[in-house]
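For the single chain, residues carry numbers from 1 onward in sequence order.
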Amino acid sequence: MTTTTSTSASTSTSDSISASAGKLIQPQGAQHARILSVGAYWPERVVTNDEICQTIDSSDEWIRQRSGIVSRRWAAKDESVTDMAEIAAREAIERAGLTGSDIDGVLVATVTHPYQTPSSAALLAHRVGATPAAAMDLSAACAGFCHGVALAENMVRGGSARYVLVVGVEKLSDFTDVTDRSTAFIFGDGAGAVVIGPSDSPGIGPTMWGSDGAAWDVIQQKHSWIDVRDHEADWPALRMAGQSVFRWAVWQMAPVARKTLEASGIEPQDLAAFIPHQANARIIDAMCKQLGLPESVPVARDIAETGNTSAASIPLAMHRMLGDGSAPSGGLALLIGFGAGLVYASQVVILP
Ligand code: UT7
């Protein structure tokens, strides 16, 4: 008797659970998404190789030959990650023909926002008038921008946002030891932003992404904040095992880029631009060779004047190529970001 009552009670409970669950409305997104616009900000101050060589034993010639960097920009002391992001974001929003209130998602890719919490993204959303947009920072180092593009594309198609602002921004000068010969010359500051929104046709292809935490220590902050607090560790600037990262980038990232093309149904000769993370000009050259990229495909080389700006490097390079006419609006561009983690992400997009 007891058993029968219990079974029918549990049946009716599970029926009512199923009935309630059946009422749940699923979000409906756009059929496709694309990058609508790009904005950029280069800080005013140009830092030459000669200036860098005042604190390390190096030369302008060595830095140019080994990295392709001629100069980089450094933000002013009182210029924050969010300040730089705001300038790039305002340009991207205006160029998309939108206002801040149209933006309902804000993703800021950065590893140099100097607050553990709150995020730069929440403040940025407020500053551009996007409140109450969903806002969060992404920690995926030099691959952060491509992670943001992938998430924004999914948000627009999944129906959790209509217009997403994706920013890659870094103030690496705050986290660089100017006396460290292996990193002092490589990093720079800047911000790049895009708006991703609905589209009638595919504008962002499949993302190939991944991580390899076994190599967690090849690019990392020298110390944790706990070490700084409890063990009097010095300022936790970035350190890098340059050669290990170089080899990984050259040998592991070209196959990822090739897979991205295959998954997107695109041949190298279909590309109107190749915009890899601006890590080192020699890495870019090696990737072009391994990909069998025809000479006719324009390749981003913003590193010469911007240095390596981690999450900001791809949107900055994209902005420069569209601005100087070396890449056409509406053309297909292969993007690939890779860096600390180790992590990487790559996709083919239609240029705004
Ligand atoms: O953005 C995130 C991902 N980051 C990257 O992808 C960066 C990857 N790594 C690199 O781009 C390169 O490893 C660097 C540009 C950082 C360094 O270039 P490298 O060709 O790998 O230099 P190396 O460390 O193998 O050093 C070569 C030589 C050494 O001298 P010997 O042993 O051959 O006599 C170094 O002592 O160059 C020397 N060296 C320098 N010389 C002048 C190392 N750093 C310097 C320097 N100036 N700053």
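- Ion pairing between a basic and an acidic side chain is recognised when a charged N comes within 4.0 Å of a carboxylate O; R282 and D285 show no such pairing.
- Connection of L271 to I204 is not established within any shared hydrophobic cluster, with ILVMFWY side chains joined at heavy-atom distances below 4.5 Å, either directly or through further cluster members.
- Smallest separation of non-hydrogen atoms from A30 and P198: CB-CB, 3.6 Å.
- Considering only heavy atoms from C-beta on, I63 stays 4.5 Å or farther from I186 through its side chain.
- To the nearest 0.5 Å, atom CG of residue L291 and atom CE of residue M253 are 11.5 Å apart.
- Salt bridge present: D60 and R64 bring a charged side-chain N and a carboxylate O closer than 4.0 Å.
- For the atom pair D57 CG and T179 OG1, the distance stands at 12.0 Å (nearest 0.5 Å).
- The closest side-chain heavy-atom distance from V167 to M84 is not below 4.5 Å.
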Let me see the working for F185 and S67 under side-chain contact (heavy atoms from CB on, under 4.5 Å), right down to the final yes or no.
CA-CA 9 Å; F185 63 92; S67 70; 4.0 Å; yes
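- By the 30° and 60° cut-offs, the orientation of the rings of W248 relative to F338 is perpendicular.
- Taking each heavy atom of T82 and S120 in turn, the nearest pair found is OG1-OG, 2.9 Å.
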Taking it one step at a time, do S201 and H32 satisfy side-chain hydrogen bond (donor to acceptor under 3.5 Å, both in side chains)?
CA-CA 6 Å; S201 52; H32 306 290; over 6 Å; no
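- Of the charged side-chain nitrogens involved, none lies within less than 4.0 Å of a carboxylate oxygen, so that R258 and E262 do not count as a salt-bridged pair.
- Minimum heavy-atom separation, E153 to A33: CG-CB, 4.0 Å.
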Please test T309 against D189 for side-chain contact (heavy atoms from CB on, under 4.5 Å), starting from the C-alpha separation and ending with a verdict.
CA-CA 6 Å; T309 55; D189 302 337; 5.7 Å; no
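- Contact of the F246 side chain with the I283 side chain is registered, since non-hydrogen atoms from C-beta on lie closer than 4.5 Å.
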Would you check, one step at a time, whether the test side-chain hydrogen bond (donor to acceptor under 3.5 Å, both in side chains) holds for T306 with W42?
CA-CA 8 Å; T306 304; W42 281 268; 2.8 Å; yes
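- Contact record, T99 with I93: C-CG2, 3.6 Å, taken as the closest heavy-atom pair.
- For W62, the CH2 atom sits in a packed shell: over 12 heavy atoms of surrounding residues, nucleotides or ligands are nearer than 6.0 Å.
- Side-chain contact, D50 with T48: no donor N or O sits under 3.5 Å from an acceptor N or O.
- Listed here is the closest heavy atom pair of R34 and S199: CD-OG, 3.5 Å.
- Using a 4.5 Å heavy-atom cutoff, the side chains of P43 and W74 are not in contact.
- Closest approach of S329 and P352 over heavy atoms only: OG-O, 3.0 Å.
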Given side-chain contact (heavy atoms from CB on, under 4.5 Å), test L165 with L124 step by step and report yes or no.
CA-CA 10 Å; L165 175 68; L124 178 64; 4.0 Å; yes
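- With respect to D302 and R320, a salt bridge is recorded, a charged nitrogen being found less than 4.0 Å from a carboxylate O.
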Test side-chain contact (heavy atoms from CB on, under 4.5 Å) applied to N49 and R72, step by step:
CA-CA 8 Å; N49 289 341; R72 74 287 290 141; 2.8 Å; yes
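- With a 4.5 Å cut-off on side-chain heavy atoms, V195 and V38 do not count as touching.
- No single ILVMFWY cluster, assembled from side-chain heavy atoms under 4.5 Å apart, contains both V256 and L335.
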Please report the C-alpha distance between T110 and E170 in whole Å, then the side-chain angles of each, then the deciding distance to 0.1 Å, and finally whether the side-chain hydrogen bond (donor to acceptor under 3.5 Å, both in side chains) criterion is met.
CA-CA 6 Å; T110 186; E170 301 292 0; 3.2 Å; yes
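- Taking hydrophobic clusters as Ile, Leu, Val, Met, Phe, Trp and Tyr residues chained together by side-chain heavy-atom distances below 4.5 Å, L138 does not share a cluster with V106.
- A single hydrophobic cluster is seen to contain both I35 and I314, as judged by linkage of ILVMFWY side chains at heavy-atom distances under 4.5 Å, directly or through other members.
- When side chains are defined from C-beta on, V164 counts as touching L107, because their heavy atoms get closer than 4.5 Å.
- Between T207 atom OG1 and Y344 atom OH the span is 12.0 Å, to the nearest 0.5 Å.
- Around CD of E44, the count of heavy atoms belonging to other residues, nucleotides or ligands within 6.0 Å does not exceed 12.
- How far OG of S20 is from CG of D15: 10.5 Å, rounded to the nearest 0.5 Å.
- In this structure, OG on S244 lies 9.0 Å from CG on L342, to the nearest 0.5 angstrom.
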Test side-chain hydrogen bond (donor to acceptor under 3.5 Å, both in side chains) applied to D324 and S326, step by step:
CA-CA 6 Å; D324 68 15; S326 54; 2.6 Å; yes
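- In terms of hydrophobic clustering, with Ile, Leu, Val, Met, Phe, Trp and Tyr side chains grouped at heavy-atom distances under 4.5 Å, V245 and I303 are assigned to a common cluster.
- With hydrogens and angles ignored, the 3.5 Å screen pairs no side-chain donor or acceptor of D230 with any backbone N or O of D227.
- Residues L334 and T260 form a side-chain contact, since some pair of their non-hydrogen atoms from C-beta on lies under 4.5 Å apart.
- For the pair E86 and R90, the salt-bridge criterion is met [side-chain N within less than 4.0 Å of a carboxylate O].
- Judged by distance alone, the side chains of R239 and Q220 do bring a donor and an acceptor atom under 3.5 Å apart.
- Contact of the L351 side chain with the M318 side chain is registered, since non-hydrogen atoms from C-beta on lie closer than 4.5 Å.
- Remark: N154 CG to L151 CG distance equals 6.5 Å, nearest 0.5 Å.
- Of the candidates Q290, M287, K289, V250 forms a side-chain contact (heavy atoms from CB on, under 4.5 Å) with just one, namely Q290.
- For K171 and D83, the salt-bridge test fails: no basic side-chain N is under 4.0 Å from an acidic carboxylate O.
- Within a 6.0 Å sphere centred on CG of D234, heavy atoms belonging to other residues, nucleotides or ligands number more than 12.
- For D177 and K222, the salt-bridge test passes: some basic side-chain N is under 4.0 Å from an acidic carboxylate O.
- Applying the 6.0 Å contact sphere to CH2 of W251 captures no more than 12 heavy atoms from other residues, nucleotides or ligands.
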